[in-house]
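Bear in mind that the values here come from a model prediction, so they are computed numbers and not experimental data.
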Amino acid sequence: MSVLPTRSIIADPVTVAFENGSLDPAQFSHRMHLSLAWGYLQRDGFPDGALQFRRHLQNYVAKVGAQSKYHETITWAYLVLLNEELCLRSPAGESFEAMIQRRPDLLDHRNGPISRCYSQAQLDSPEARRVFMLPATERGAP
């Protein structure tokens, strides 16, 4: 596996602030998470873009002292959903804003596609925060 050099996806101030950890945590909304992930996936594809985003996200939460908010299962689930949109339904170069107009349910963190796949109990588990887990219902678990 080749290691991609660390570089900003674009020189916009939000991406730079995210990557260097200076982005105000109050501004780092769910929408911004998705928009940044979309950019990494567009630039580097899957899995490289997903890995780059995840690495920057983990670095960011460490720099702002919010490690307890990081959730491995939710991060990967959204990366997979975004990649699905990018590869299966998006025209080349589609902006995040255009994609989210088609898939506003991705912005619904409480009742959107993740909540239809995972039980709240599973998402609340320490294991799901630490390790990517497939939905328990897919494995026959309660």
Side-chain angles (χ1 to χ4, degrees), residues 1-10 12-90 92-142:
M1 180 173 150
S2 64
V3 176
L4 294 174
T6 300
R7 63 190 187 278
S8 181
I9 53 176
I10 49 177
D12 76 277
V14 172
T15 301
V16 171
F18 169 65
E19 290 184 356
N20 70 25
S22 65
L23 181 66
D24 179 354
Q27 293 181 314
F28 197 40
S29 65
H30 177 61
R31 182 185 193 97
M32 187 178 290
H33 275 79
L34 296 182
S35 177
L36 286 164
W38 181 257
Y40 284 93
L41 291 170
Q42 279 189 319
R43 183 192 72 192
D44 296 329
F46 194 93
D48 292 336
L51 291 169
Q52 287 293 324
F53 173 76
R54 178 183 171 270
R55 183 175 60 80
H56 284 296
L57 180 59
Q58 287 180 320
N59 289 340
Y60 174 77
V61 298
K63 286 181 182 178
V64 300
Q67 297 94 321
S68 66
K69 291 186 177 186
Y70 181 79
H71 198 295
E72 188 77 354
T73 298
I74 291 174
T75 298
W76 278 105
Y78 273 108
L79 285 164
V80 169
L81 286 168
L82 289 171
N83 186 63
E84 183 180 300
E85 284 304 310
L86 185 63
C87 294
L88 300 178
R89 290 177 277 284
S90 294
E94 182 176 38
S95 71
F96 173 76
E97 293 304 323
M99 181 277 297
I100 213 66
Q101 290 297 314
R102 281 188 295 99
R103 288 295 309 270
D105 62 318
L106 292 173
L107 295 175
D108 187 349
H109 196 53
R110 297 213 188 321
N111 300 305
I114 302 300
S115 70
R116 292 190 297 270
C117 296
Y118 291 90
S119 70
Q120 194 60 51
Q122 185 180 15
L123 291 177
D124 289 344
S125 75
E127 295 84 5
R129 287 188 161 282
R130 189 174 42 83
V131 175
F132 172 70
M133 297 176 71
L134 292 173
T137 56
E138 294 297 317
R139 296 190 311 263

Apply side chain to side chain contact (heavy atoms under 4.5 Å, CB included) to residues F28 and L36 and explain how you reach the verdict. CA-CA 10 Å; F28 197 40; L36 286 164; 3.6 Å; yes

Go through L86 and F46 one step at a time and tell me if the side chain to side chain contact (heavy atoms under 4.5 Å, CB included) criterion holds. CA-CA 10 Å; L86 185 63; F46 194 93; over 6 Å; no

What residues form a side chain to side chain donor-acceptor pair (under 3.5 Å) with [X], not counting sequence neighbours?
| X | result |
| --- | --- |
| S90 | E94, R102 |
| Q27 | none |
| R129 | none |
| Q67 | none |

For D105, salt bridge (Lys or Arg N to Asp or Glu O under 4.0 Å) partners two or more places apart: R103, R116

Mind checking ring-ring contact (aromatic ring centres under 6.0 Å, His included) for H71 and listing every partner two or more places apart, or none if nothing turns up? none

Is the ring pair Y40/F18 parallel, tilted or perpendicular, if the boundaries are 30 and 60 degrees? perpendicular

For [X], check side chain to side chain contact (heavy atoms under 4.5 Å, CB included) against everything at least two apart and list the hits.
| X | result |
| --- | --- |
| A77 | I114, Y118 |
| R130 | E127 |
| L34 | H30, Y78, L82, F96, L106, L107 |
| V64 | P25, Y60, A66 |

Is any side-chain heavy atom of I100 closer than 4.5 Å to one of R31? yes

Report yes if some heavy atom in the side chain of T15 is under 4.5 Å from a heavy atom in the side chain of H56; otherwise report no. no

Value rounded to 0.5 Å, distance of [atom1] in [X] from [atom2] in [Y]:
| X | Y | atom1 | atom2 | result |
| --- | --- | --- | --- | --- |
| L41 | C87 | CG | SG | 8.0 Å |
| I74 | M133 | CD1 | CE | 12.5 Å |
| L79 | F53 | CG | CZ | 6.0 Å |

Could you list all the salt bridge (Lys or Arg N to Asp or Glu O under 4.0 Å) pairs where at least one residue sits in residues 64-74, not counting sequence neighbours? R54-E72

For the student: nearest non-hydrogen atoms of C117 and P135, plus distance: O-CB, 3.0 Å

Would you find a donor on one side and an acceptor on the other, under 3.5 Å apart, between the side chain of T73 and the backbone of L123? no

Pair Q58, R55: side-chain N/O donor-acceptor within cut-off below 3.5 Å: no

